[in-house]
Amino acid sequence: MTDKVRLQFNSMGSIQGDDNVCIVILVEETHQMQLSFVTDDDMRRQLSLRLHKPADDNSVSKLLPEVMWESLRGFSDNQDYEMVVESVGEDGEYHTILYNKIFGSKFDIRLADAVLMQEVTGIPLYIKLSLLRKQMVPYTAGSNTTTIPINVMPLAVLEKGLTDSIAKEDYHMAQRLKDEINKRKSLNNQGGKNR
């Protein structure tokens, strides 16, 4: 049995009332579970360029990711690499690694960039099984809502959620959000980013 599961891009959305934030939804191969994370609007544009172009449109072929991949293809192909989401840092970021299976080298990569790289190159993206069990939720096709784990929400989103929870008198959620905010601020004050 393998210790990782392959992820595929499924869709993008936004947080209600904040079009500057992009939610990316990844699903595992059987489409039973999903992993959602937040990225910026710039990444939404980059992904949209690749996902919503007509088949005969070569406009992205001169963009940096495509050019870099084409320049490397003579030396290597997508089977020589894999990307793995390994953990969640205390800073709320998914810790993702790009592995070169030929040379054994590895490089940190943002999860959003790993999704883009998978779309451009076909390099497979995986999640460790132990992390999948903690972070993924059931996938519902066609749903217009999603769940994002609190431990990977950006600080600004957490703070807005805290204000909204207090206004709705949902004090249990407000406390959970406040605890996560305090943990992150404490980490920033210490200057560390543990994984």
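On a predicted model such as this, the values are computed, not experimentally measured, just so you know.
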Take E86 and Y94, measure what side-chain hydrogen bond (donor to acceptor under 3.5 Å, both in side chains) needs, and give me the verdict at the end. CA-CA 7 Å; E86 295 194 329; Y94 281 107; over 6 Å; no

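Distance alone, capped at 3.5 Å, places no donor-acceptor pair between the D179 side chain and the R176 backbone. Although no hydrogens or angles enter the test, the distance criterion places no donor-acceptor pair under 3.5 Å between the side chain of S143 and the main chain of T140. A donor-acceptor pair under 3.5 Å links the side-chain atoms of R50 to the main chain of Q46, judged by distance alone. A distance-only check finds no donor-acceptor pair linking the side chain of K178 to the backbone of L162 [under 3.5 Å].
Defined by atom type and a distance below 3.5 Å, a donor-acceptor pair is missing between the side-chain atoms of E90 and N151.
Taking the side chain to side chain donor-acceptor pair (under 3.5 Å) definition, one finds that E159 meets it with K185, sequence neighbours left out. Every residue meeting the side chain to side chain donor-acceptor pair (under 3.5 Å) condition with D41, not counting sequence neighbours, appears here in chain and number order: R44, R45. Applying the side chain to side chain donor-acceptor pair (under 3.5 Å) test to T39 and every residue at least two apart in sequence or in another chain returns nothing. N100 is linked by a side chain to side chain donor-acceptor pair (under 3.5 Å) to nothing, counting only residues two or more places apart in sequence or in another chain.
One hydrophobic cluster, built from ILVMFWY side chains closer than 4.5 Å, cannot hold both V84 and L26; they sit in different ones. The cluster map of Ile, Leu, Val, Met, Phe, Trp and Tyr, joined by side-chain heavy atoms under 4.5 Å apart, puts W69 and I102 in different clusters.
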Show me the donor-acceptor pairs, under 3.5 Å and distance only, between side chains in residues 164-171 and residues at least two apart or in other chains.
{"unit_1": "D164", "atom_1": "OD2", "unit_2": "K160", "atom_2": "NZ", "d": "3.0"}
{"unit_1": "S165", "atom_1": "OG", "unit_2": "G161", "atom_2": "O", "d": "2.9"}
{"unit_1": "D170", "atom_1": "OD1", "unit_2": "M173", "atom_2": "N", "d": "3.2"}

Please report, to 0.1 Å, the donor-acceptor pairs under 3.5 Å made by any side chain of residues 117-132, with sequence neighbours excluded.
{"unit_1": "Q118", "atom_1": "OE1", "unit_2": "L125", "atom_2": "N", "d": "3.1"}
{"unit_1": "T121", "atom_1": "OG1", "unit_2": "M117", "atom_2": "O", "d": "2.6"}
{"unit_1": "T121", "atom_1": "OG1", "unit_2": "I123", "atom_2": "N", "d": "3.0"}

